[in-house]
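Reading through the structure tokens given below for one structure.
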Amino acid sequence: MAARGRTFSLGNKYLRKHRKWPISAYKTKWHQTFNQAQALQTLKRRSLLLDANGVENPSHLLSILTHSFNSYDREPTPQAYHFLIKTSRFDHIPPLLHRIEFVEKFETPEYVFAELIRLYGYAGRFDDAVEVFFRIPNFRCVPSALSLNSLLSVLCRSSKGLGMVPGVLMKSRVLNIRIEESSFRILITALCRIGRVGCAIEILNCTISDGYDVDMRICSLILSSVCKQRKGLGLADFEVLSFLEAMKQVGFCPGMMDYSKVIRILVKENRGLDALEVLGKMKAEGMKPDIVCYTMVLNGIIVEGEYGKADELFDELLVLGLVPDVYTYNAYINGLCKQNNVQGGLDMISRMEELGCNPNSITYNQILKALCRTEELDRAKEYLTEMSLKGGADLHTYRIILKCLSGKGEIVEACVLMEKMLDKCLCLRCSTCDEIISRLCQRGLVCRALDLLEKMIGKNVAPGARAWEAVVLSAGSEISLPEAIWTGLVNPVETQRSKAAGVVTMI
């Protein structure tokens, strides 16, 4: 009893001192937050059921919103409206915005409008996206670069949206929105994508002059766009190296990929020595160029005929521990073949095979071309047989040797080779084929020419007009071809149309 009396007296003392009861546990902040969360979950469940049944009247959605929160004695929250905006149809969104603007009193978070702008933009409703952006202050929200960037991102996705960007940027100044570095990044990326690299460079210069830090990704993107689009943009006289140096002076630090792009464009322009100079700059800046960079530079200096530098560069990459691939070997063998050093090319192929790098058809064809160019026809024939056994012979291989045989007057042997090509389904129409048939007719081998002609048509390979003319003029009335072949001769256009699906396109 003493204990109970003591507790009661302490309670009375508290009441006499404060004149009120202690705060109820059901009116604390955590309980309000809990009720809001429960109301939001109720809203989500009811809205899903409403979507399953197919709601047509937006007032039903608002009714569910208010009832869900009233049942917990709470007011709708911005999170609830955000959920409804993301999950509702576009024709249900205006009533939601109207209620936020004229009924609710809370300060609407900006992310709600950023999300809505993206939804409108991805659906191609650019006018609605722009309208929402400029109405943001009506919802007791201060717009910033967050909503502006959301709008720019969707507008820059299409040509129609890009046309609206200048007006948006001008009117955004009325809203006191400061364009940030991220906004410039969006604009520059869009300009590079549509080929307006000159405008992108101007914006980059403006950002630098305004005191922004140099964005390495943006500089890399502009450099890449310049290298890709120079000729298409009328920038043929644009000096890539000068542009690269100018960007380095403002703080751009090019990486391996940036230098690789510059080297590639220089090699395409037959500026192999300039590419070699860029390779030296990479090494001077502490980078270790990969085998791709060395291969591109090797190709470039071989095109310029700098074979001595090519030997030095090949030795250098080996000393650095780089492993040449088949493209590197092909570039070096090409240089040897251009110097008519066929034996050196053959030795290099042997070394490739010893190191486990299998030559491809390009490797073999380079050697074969060199043999034909040096008039080593017998050796070229032997090499063709060797290539065929290794499986390295392709259509281009046969065309090389076929052209060589035709040029040397070996017409009969060329005819035999062409028949082999037909058997392997490798013979496509070319000027050399017509040349062989014409040469056979000139030598009086009309029957041989007719046999070859008939075999070509049997393989769905249509001879050219020159071949037909040679056969007709040489054979005269002795021609005894099947009726289908004569039909093709008289009306070749209709015949080729009827066989369009089966005729092999001729090179």
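In what follows, residues are counted from 1 in the order of the sequence shown.
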Q) Do Pro359 and Tyr329 have side-chain heavy atoms sitting under 4.5 Å apart? A) no

Q) Would a 4.5 Å heavy-atom cut-off, applied to side chains only, mark Gln79 and Phe83 as touching? A) no

Q: For the pair Ser47 (side chain) and Leu43 (backbone), establish whether a donor and an acceptor sit closer than 3.5 Å, ignoring hydrogens and angles.
A: yes

**Q.** Test item: Gln366 side-chain N/O and Asn330 main-chain N/O as donor-acceptor pair under 3.5 Å
**A.** yes

Q) Is there a side chain to side chain donor-acceptor pair (under 3.5 Å) between Thr207 and Asp210 once you walk through the steps? A) CA-CA 5 Å; Thr207 60; Asp210 289 345; over 6 Å; no

Q.
Run the side chain to side chain donor-acceptor pair (under 3.5 Å) test on Glu316 and Tyr294 for me, step by step, so that the C-alpha distance in whole Å, both residues' side-chain angles and the decisive distance to 0.1 Å come before the verdict.
A. CA-CA 9 Å; Glu316 178 183 311; Tyr294 272 98; 2.6 Å; yes

Q.
Side chains of Thr397 and Asp394: any donor to acceptor distance under 3.5 Å?
A. yes

Q: Establish, from distance only, whether the side-chain atoms of Glu131 and Tyr120 form a donor-acceptor pair under 3.5 Å.
A: no

Q.
One thing to verify: whether Lys248 and Glu285 come together as a salt bridge, which I'm taking to mean a side-chain N less than 4.0 angstrom from a carboxylate O.
A. yes

**Q.** Donor-acceptor pair between Glu110 and Ser144 side chains, under 3.5 angstrom
**A.** yes

Q: May I ask you to decide if Asn205's main-chain N or O and Ser209's side chain share a donor-acceptor pair within less than 3.5 Å?
A: yes

Q.
Tell me whether Glu239 contacts the main-chain N or O of Leu241 through its side chain, where contact means a donor paired with an acceptor under 3.5 Å.
A. yes

Q: Report yes if some heavy atom in the side chain of Leu96 is under 4.5 Å from a heavy atom in the side chain of Leu62; otherwise report no.
A: yes

Q) If you draw a 6.0 Å radius around NZ in Lys283, do more than 12 non-hydrogen atoms from other residues or ligands fall strictly inside? A) yes

Q) Is there side-chain contact between Leu148 and Val168, with heavy atoms separated by less than 4.5 Å? A) yes

Q) What distance do Leu191 atom CG and Arg196 atom CZ have between them, rounded to the nearest 0.5 Å? A) 7.0 Å

Q) Taking atom types as modelled and ignoring hydrogens, do the side chains of Arg99 and Tyr81 form a donor-acceptor contact shorter than 3.5 angstrom? A) yes

Q. Got Thr189 and Ile218 here, is their nearest side-chain heavy-atom distance under 4.5 Å?
A. yes

Q: Please confirm whether the backbone N or O of Ser59 pairs with a side-chain atom of Ser63, one donor and one acceptor, at under 3.5 Å?
A: no

Q. Are Lys338 and Tyr307 in a cation-pi setup, meaning NZ or CZ lies under 6.0 angstrom from the ring centre and within 45 degrees of the ring axis?
A. no

Q. How about Ile64 and His67: do any of their side-chain heavy atoms sit closer than 4.5 Å?
A. no

Q: Take Glu115 and Arg118 through the salt bridge (charged side-chain N to carboxylate O under 4.0 Å, His left out) test and state the conclusion after the steps.
A: CA-CA 5 Å; Glu115 179 73 23; Arg118 282 192 290 267; 3.3 Å; yes

Q) If you measure from the Lys or Arg side-chain nitrogens to the Asp or Glu carboxylate oxygens, is any gap between Lys105 and Glu75 under 4.0 Å? A) no

Q. Any idea which heavy atoms bring Leu298 and Leu313 closest together, and the distance?
A. N-CD2, 3.8 Å

Q) Would you say Leu97 and Ile93 make side-chain contact, with heavy atoms under 4.5 Å? A) yes

Q: Indicate yes or no for a side-chain donor-acceptor contact from Thr108 to the backbone of Phe139 under 3.5 Å, with no hydrogens or angles considered.
A: yes

Q. What do you reckon, is CZ of Arg351 surrounded by more than 12 foreign heavy atoms closer than 6.0 Å?
A. no

Q | Any side-chain donor near an acceptor of the partner, Asn334 and Asn299, under 3.5 Å | A | no

**Q.** Side-chain (Thr363) to main-chain (Asn360) donor-acceptor, under 3.5 angstrom
**A.** yes

Q.
A side-chain contact here means heavy atoms from C-beta on lying under 4.5 Å apart; do Pro137 and Pro143 qualify?
A. yes

Q) Distance-only, no hydrogens or angles: does the Glu304 side chain make a donor-acceptor pair with backbone N or O of Leu273 under 3.5 Å? A) yes

Q.
Check whether Arg140 reaches the backbone of Glu101 with its side chain - one donor and one acceptor, N or O, closer than 3.5 Å.
A. yes

(Q) Cation-pi check for Tyr259 against Lys281: NZ or CZ below 6.0 Å from the six-membered ring centre and within 45 degrees of the axis, yes or no? (A) no

(Q) Working to the nearest 0.5 angstrom, can you tell me the gap between Arg185 CZ and Tyr212 OH? (A) 11.5 Å

Q.
Main chain of Leu169, side chain of Ser172: is a donor-acceptor contact present, judged purely on distance under 3.5 Å?
A. yes

(Q) Between Phe314 and Thr328, does the side chain to side chain contact (heavy atoms under 4.5 Å, CB included) criterion hold? Intermediate values first, please. (A) CA-CA 9 Å; Phe314 191 78; Thr328 312; 4.1 Å; yes

